[in-house]
Amino acid sequence: MKKIIHIDMDSFYASVEIRDNPSLKGRPVGIGSPTEKRGVLCTANYEARKYGVRAALPTMYALKLCPDLILVRPNFDKYRVESMRIREIFKEYTALVEPLSLDEAYLDVSECQQCDGSATLIAKEIRDKIFKETGLTASAGIAPNKFLAKIASDWNKPNGQFVIKPEEVSDFVFNLPIKKIFGVGKVTAAKLQSHEFETCGDIQKASLLELKNIVGSFGEKLYHYSRGIDNREVSASRERKSVSVEHTFREDICEINEVIIKTEGVFEELKYRLENKDIKHDEIKSIFIKLKFKDFKQTTVSDLNSLFKLEDFILLVKKGFHRKEEAIRLLGLGVQLKTKKKESKYQLSFLSE
Ligand code: DCP
Ligand code: MG
């Protein structure tokens, strides 16, 4: 049985900015450009969340929900520095650290001897150290696998932790709403709910075949997750091949000009996502776009000569749109990443001669 900790910083970008400008403390803060109000927010502190303000919300809409919202421009270099500091702390406990973004990581502490091997105490100690060294709070989930640890870190957020012991897994998942399962978005949830599946306990009653018929290949993951089973390893060297952001619109869009305006918003979000994953522009191999039309048919356009620029994305979007000239329901923008060159064996043997 493994011991996995999932750590996630609390309202990360906002907390860094408030730490560095204490006059913001206690006031609603959103991270996003104050001048480009057509963009989207990266995140918001918990005071702002009371008004419904949250990450990925268009800045203009956030200001409507909370007119007193203070907008702070993101400083990614600062977030990177803090991210490195917390990763150094993680490494004091295990080499098996898998960062998911600047503010989030899985740790496999099964072999860790510190704190008498108690993952609960290790998580508490890590959170205390993070606070002492950075002045920022983190939340943690402790569980026998990644799936459960990630859900648990959200359970007592902010500045809290939650443990799911092996013997508690079946009770915990039984009443767990399906929406808490990673990968179950609005569409999948609606499909499952139409078959009266609301909790993991409900899903446990279905056969694998039945689940596959409802949600396709995701059915297999669902079958296992709903039983609290997840055998994915914490892998310290995960190579990412692409990063993308997709938006499904509330209503299908038929005007190309409107599609272009939406492209700007999605582009902003993609930029934030790359920053957050600490991906530099010179790591990008190519860009691509994806459109899903109202009949659910989709098309992708990529061009090796395009650059990571809004104008280039817009050109690809126009190209995709003109393929069908039909209303679209989803727009996605993404980048393919260069694969890191592995040192060739040939080179090594040459050097050792
Ligand atoms: N982020 C972003 N765009 C998003 C979501 C997040 O730029 N759509 C950035 C800003 C966040 C950081 O990533 O501060 C971490 O994301 P989280 O989802 O962990 O959100 P927070 O840390 O802000 O809040 P929470 O306390 O809910 O973890
Ligand atoms: Mg966070």
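Excluded from the calculations below are hydrogen atoms, water molecules and symmetry mates; all remaining heavy atoms, backbone and side chain alike, are included. First listed ligand is number 1; within each ligand, the first listed atom is number 1.
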Looking at Y46, I'd like to know if the NZ or CZ of R49 sits under 6.0 Å from its six-membered ring centre while staying within 45 degrees of the ring's axis.
yes
Between M9 and ligand 1, does any nitrogen or oxygen pair lie at a separation below 3.5 Å?
yes
Could you tell me whether some N/O pair between R273 and ligand 1 is separated by less than 3.5 angstrom?
no
Considering both backbone and side-chain atoms of R49, is one of its nitrogen or oxygen atoms within less than 3.5 Å of a nitrogen or oxygen in ligand 1?
yes
Tell me: protein heavy atom nearest atom 20 (O) of ligand 1, and distance?
T43 OG1, 4.2 Å
Closest heavy-atom approach to atom 15 (C) of ligand 1 among V40, N45, D103 is made by D103
Closest to atom 26 (O) of ligand 1 among Y46, Y79, F76 (heavy-atom distance)
Y46
How open is the angle at the Mg ion (ligand 2) from atom OD2 of D103 over to atom OD1 of D8, rounded to 10 degrees?
90°
Which atoms of ligand 1 are found less than 4.0 Å from any heavy atom of E269?
8 (N)
Is Y13 in polar range of ligand 1, meaning some N or O pair under 3.5 Å apart?
yes
Within the structure, does C42 bring an N/O atom to less than 3.5 angstrom of an N/O atom in ligand 1?
yes
Quick one: is the NZ or CZ of R232 closer than 6.0 Å to the six-membered ring centre of F147, and within 45° of its axis?
no
Using the rule side chain to side chain contact (heavy atoms under 4.5 Å, CB included), only one of N305, D303, L304 pairs with S286; which is it?
L304
May I ask you to decide whether K3 forms a salt bridge with D108, counting only side-chain N to carboxylate O separations under 4.0 Å?
no
Check the surroundings of atom NZ in K280: do more than 12 heavy atoms from other residues, nucleotides or ligands lie under 6.0 Å from it?
yes
Answer with yes or no whether P158 contacts ligand 1, where contact means a heavy atom under 4.0 Å from a ligand atom.
no
Any luck finding a side-chain donor-acceptor pair between D68 and Y51 under 3.5 Å?
no
Is there any N or O on Y272 that sits under 3.5 Å from an N or O of ligand 1?
no
Where does the angle between the aromatic ring planes of F313 and F267 fall among parallel (under 30°), tilted (30 to 60°) and perpendicular (over 60°)?
tilted
How are the rings of Y272 and F76 set relative to one another: parallel (under 30°), tilted (30 to 60°) or perpendicular (over 60°)?
tilted
Closer than 4.0 Å to some heavy atom of F12 - which atoms of ligand 1 meet that?
14 (O), 21 (P), 22 (O), 23 (O)
For the pair T299 and I289, evaluate side-chain contact (heavy atoms from CB on, under 4.5 Å) and give the outcome as yes or no after the intermediate values.
CA-CA 8 Å; T299 187; I289 66 102; 5.7 Å; no
Heavy atom of protein closer than 4.0 angstrom to atom 18 (O) of ligand 1:
no
Give the residue and atom name of whichever protein heavy atom lies nearest to atom 13 (O) of ligand 1, and the separation in Å to one decimal.
N276 ND2, 2.9 Å
Verify the distance test for M9 against the Mg ion (ligand 2): any N/O/S atom under 2.8 Å, yes or no.
yes
N/O separation below 3.5 Å, A55 to ligand 1
no
For salt bridge (Lys or Arg N to Asp or Glu O under 4.0 Å), just list the numbers for D128 and K124, CA-CA rounded to whole Å, side-chain angles, deciding distance to a tenth of an Å, and then say yes or no.
CA-CA 6 Å; D128 289 345; K124 178 78 176 82; 2.9 Å; yes
Hey, is NZ on K294 packed in by over 12 heavy atoms from elsewhere, all under 6.0 Å?
no
Close approach of E104 to ligand 1, heavy atoms, under 4.0 angstrom:
no
